Amino acid sequence: MNAAVRIDPETGLKVFNTRAAKASEKITGKGYSVVTDQRLTELPEMPAGATFNAEEQAKYRAFKEARAGAANYMAMEGEFKKYLDDVYSEPPVPREPLTDDCEILVVGAGFGGLLLWQKLSQAGFTDVRFCEKGGDVGGTWYWNRYPGIACDVESYSYLPLLDETGYIPSMKFASGFEILEHCQRMAQKFGFYDHCLFHTTVEATTWDEASGRWIVKTDRGDKMRARFVILANGILTTPKLARIAGMEKFKGTAFHTSRWDYNIDLRGKTVGIIGTGATAVQAIPELAKIVRQLYVFQRTPSSIDVRDQRATTDEERRTWANEPGWARARRERFAKISEVRAAVLANDDYLAGKVQDFKERKKYERELTPEERMQKQLDASFRLMEQIRARVDAIVKDPKTAAALKPYYPYGCKRPTFHDEYLPTFNLPHVYLVDTAPRGVAEINERGIVHDGVEYPLDVLIYATGFQWMGTSTFQQITGRDGRTLKEKWESEGARTFLGLHTRGFPNLFIVTGPQGGGGSFNFTDVIYAHADYLVWMLQTMRERGACIVDVRKEPEDKYAEHCRDVDIATAPLRDCISYYNGEGKAAPGSLAYYGGRQWDKFRVEAQSSLEPYVLGADPS
Ligand SMILES: Cc1cc2nc3c(=O)[nH]c(=O)nc-3n(C[C@H](O)[C@H](O)[C@H](O)COP(=O)(O)OP(=O)(O)OC[C@H]3O[C@@H](n4cnc5c(N)ncnc54)[C@H](O)[C@@H]3O)c2cc1C
């Protein structure tokens, strides 16, 4: 086997061999299966006369208010740090610490890192180094391997570089395991592995004004210098736990869904799962197939929309094999769909370019006012949620369980989910929903969970408690000009970026898909493409102009941050609930996800043509 680090005699650059071996081949539940029962793959008719009247609005309000302040999460620190262990790979490949220079250092080897490498290397940037906490590529799809995992955005639009790799996903919604394999395919094909330091967590990134370089320190003792740092470290990458009294006392086995250890045999066990968000919705039907008893502890129900999974057809395979650029064209059509449900259900005729639009559009005699438009959107959301609630009644037999599974908030306010087997799972005799609304599980003891005075003894406890959302400023210590950290800047001024990609005072630092990141699509891959293209443009522009440093001016950053705040406020009624999207109801408007749709493109195009927002500088060293 090659050494972990060697020098390429042709380029003089370091070549790495740090990919870790797989720890295990064991998996169960390979993602969504095809459900043929039509009653499960279609929403019931809209209930007659459904209007979002004062009575219904009051129900939504009460639902939200009851949960205010209930979300209490904690980082995995101290005795809970063990939940972060990498269970998927053998121990890290040994290597000496690095103390050298590179031109571009990228944090993360998920879709972001992989796509950046393909685009940067194509544009002639080859002195690029990646640091990745995990033992292999994949990011989200490396860390999340729970049974039933699959993408929720159709795989033909979601998987990057399908045209370039010639790969066609097997299902409309590919399993996470297939997506992980695709990540490995992209890495192999474009030589990514040679450039990546796996099992290497960046702990501190500090700007050195004198040399115009970032000093990057890692948990492997590295102290590298890079002219540019790109943060492609994901928006849902740091798992979190609900803070529950007594959780340290539990004597059984416990883990978080993003570290699923298949060596823990769940067959015949009594298992409890805390949380009913997007992960749990996918995992629960698969868990129910193998465990003896399953207790699902729910605080807030998800909206369970239809999935309607299908295999890729032979006709699609034939057509795409003869249609270069088919995936790119499809992704671009997908990006034009601005409604979450229409996007995720993805009309095949529209996406294949056979019809012009994804729905028939209603024409109004006059242009609607913003208030009227908002009301129409709220009404439509309400009607859809009525169908979603009716679906629960149509499928779940026990009325008490059905009542608890009905969500009362606007569609898409919390992460919408899609499944045709989740609701029927609650009709199984060994599956129990424990409704802990509105405050959530309050106590854990050595035997299991206690709720409302009832003890639920468990062999295994699974935390499906999600991730920190958009935590760019906290992923590691980032210290910019004048010793100011990104966390300090954003805590004192609020999240403040230009295009989500630059933040003033942190020259040559670029953030991919972070707060205010824009892109205007529900498909994160689309945003990652937009950001990667932008960064290649930025680096090429600097190269052409002989510039080595880029920062942004205050005024364009303030204007962009204001825009993010304004669109967040203007669209807030559509997201009036407590959700990770809005920092559990506490985030300042405009500080997290971007709601301005394609207006991001306008800001970008303007900036690229005038170069006015940028402060370009020469190499100080
Ligand atoms: C279960 C799940 C399902 C999802 N499904 C969809 C979907 O259907 N459609 C969709 O559009 N989006 C989906 N997402 C969002 C998904 O995260 C993005 O689509 C996309 O995969 C993000 O890619 P990324 O490269 O930006 O980030 P990630 O995939 O999160 O990769 C970031 C990488 O950075 C590494 N990293 C972080 N910090 C450090 C550090 N300090 N040092 C070194 N390495 C570090 C992490 O280990 C990680 O591997 C899903 C997310 C989850 C969790």
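Indexing begins at 1, ligand by ligand and atom by atom, following the structure's order. All residue numbers refer to positions in the sequence shown, counting from 1. None of the values given here were measured: they were computed from a predicted structure.
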| field | Test: Lys336 and Asp526 ion pair at under 4.0 Å | value | no
| remark: Candidates Tyr142, Phe522, Phe524, Tyr158; heavy atom nearest atom 21 (O) of ligand 1 found on Tyr158
| field | Nitrogen or oxygen atoms of Phe111 and ligand 1 under 3.5 Å apart | value | yes
| query | For the rings on His256 and Trp143, is their centre-to-centre separation under 6.0 Å? | reply | no
| field | Proximity flag Trp141 to ligand 1, non-hydrogen atoms under 4.0 Å | value | yes
| field | Atoms in ligand 1 flagged as close to Thr237, the criterion being non-hydrogen separation under 4.0 Å | value | 30 (O), 46 (C), 48 (C)
| atom 34 (O) of ligand 1: which protein heavy atom is closest, and how many Å away? | Gly108 CA, 3.2 Å
| Among protein heavy atoms, which sits nearest to atom 8 (O) of ligand 1, and what does the distance come to when rounded to 0.1 Å? | Asp152 N, 2.6 Å
| query | Can Glu164 and Arg185 be counted as an ion pair, charged N to O under 4.0 angstrom? | reply | no
| task | Only counting residues at least two apart or in another chain, list the ones meeting disulfide bond (SG atoms under 2.5 Å apart) with Cys413. | result | Cys577
| Nearest protein heavy atom to atom 47 (O) of ligand 1, by residue and atom, and its distance? | Glu132 OE2, 2.7 Å
| Should Asp100 and Lys14 count as an ion pair when the cut-off is N to O under 4.0 Å? | yes
| note | protein heavy-atom neighbour closest to atom 27 (O) of ligand 1 works out as Gly234 CA, 3.1 Å
| task | Determine, using heavy atoms of Thr200 and all atoms of ligand 1, whether some pair is separated by less than 4.0 Å. | result | yes
| task | Check each atom of ligand 1 against the heavy atoms of Cys131 and keep those under 4.0 Å away; list them by number with element. | result | 43 (C), 44 (N)
| field | Proximity to ligand 1 by part of Ser258, non-hydrogen separation under 4.0 Å | value | neither
| message | Can you tell whether the side chains of Lys133 and Asp219 come within less than 4.0 Å, N to carboxylate O? | response | no
| query | Which residue supplies the protein heavy atom nearest to atom 25 (O) of ligand 1, what is that atom called, and how far is it? | reply | Gly112 N, 2.8 Å
| Is the closest N or O pair between Val153 and ligand 1 shorter than 3.5 Å? | yes
| Between Phe603 and Tyr560, does the ring centroid distance fall short of 6.0 Å? | yes
| Between Lys30 and Glu286, does at least one N-O distance fall below 4.0 Å, as a salt bridge requires? | no
| request: Please work out whether any backbone atom (N, CA, C, O) or any side-chain heavy atom from C-beta onward of Asn233 is under 4.0 Å from ligand 1, and answer side chain, backbone, both or neither. | output: both
| message | Could you identify the single nearest non-hydrogen protein atom to atom 31 (O) of ligand 1 and state the distance to 0.1 Å? | response | Gly139 CA, 3.5 Å
| task | Can you sort out which atoms of ligand 1 are near Ile528, meaning under 4.0 Å from one of its heavy atoms? | result | 23 (O), 26 (O)
| message | Geometry only, no angles: is Ile235 polar-contacting ligand 1 at N/O separations under 3.5 Å? | response | no
| Short N-O contact, Asp568 and Arg575, less than 4.0 angstrom | yes
| query | Does the gap between the ring centers of Tyr142 and Tyr88 come in under 6.0 Å? | reply | yes
| note | Counting heavy atoms under 4.0 Å, the part of Thr140 that contacts ligand 1 is both
| atom 44 (N) of ligand 1: nearest protein contact (heavy atom, Å) | Lys133 N, 3.1 Å
| task | Would you tell me whether Glu132 and Thr200 have side-chain atoms, one donor and one acceptor, within less than 3.5 Å of each other? | result | no
| task | Ignoring hydrogens, just give me the one of Val202, Thr257, Ile478, Thr218 whose non-hydrogen atom is nearest atom 42 (N) of ligand 1. | result | Val202
| said: Counting only heavy atoms closer than 4.0 Å, does ligand 1 sit against the backbone of Cys151, its side chain, both, or neither? | reply: both
| Between Asp222 and Lys217, is there a salt bridge with N-O shorter than 4.0 Å? | no
| field | Arg227 with Asp127: basic N within carboxylate O range, under 4.0 Å | value | no
| query | What do you reckon, does Trp143 have a nitrogen or oxygen under 3.5 Å from a nitrogen or oxygen of ligand 1? | reply | yes
| Could you walk me through whether Phe510 and His502 pass the ring pair (Phe, Tyr, Trp, His ring centres under 6.0 Å) check? | CA-CA 5 Å; Phe510 308 117; His502 305 256; 5.4 Å; yes
| note | Ranked by distance from atom 40 (C) of ligand 1, the top protein heavy atom is Val107 CG1, 3.5 Å
| query | Going by distance only, is there an N or O of Asn144 that falls short of 3.5 Å from an N or O of ligand 1? | reply | no
| At under 4.0 Å between heavy atoms, which part of Tyr146 makes contact with ligand 1: side chain, backbone, both or neither? | side chain
| message | Just verifying a value: how many Å separate Arg225 CZ and Asp101 CG, rounded to the nearest 0.5 Å? | response | 4.5 Å
| task | Give a yes/no on ligand 1: does Thr201 have at least one heavy atom closer than 4.0 angstrom to it? | result | yes
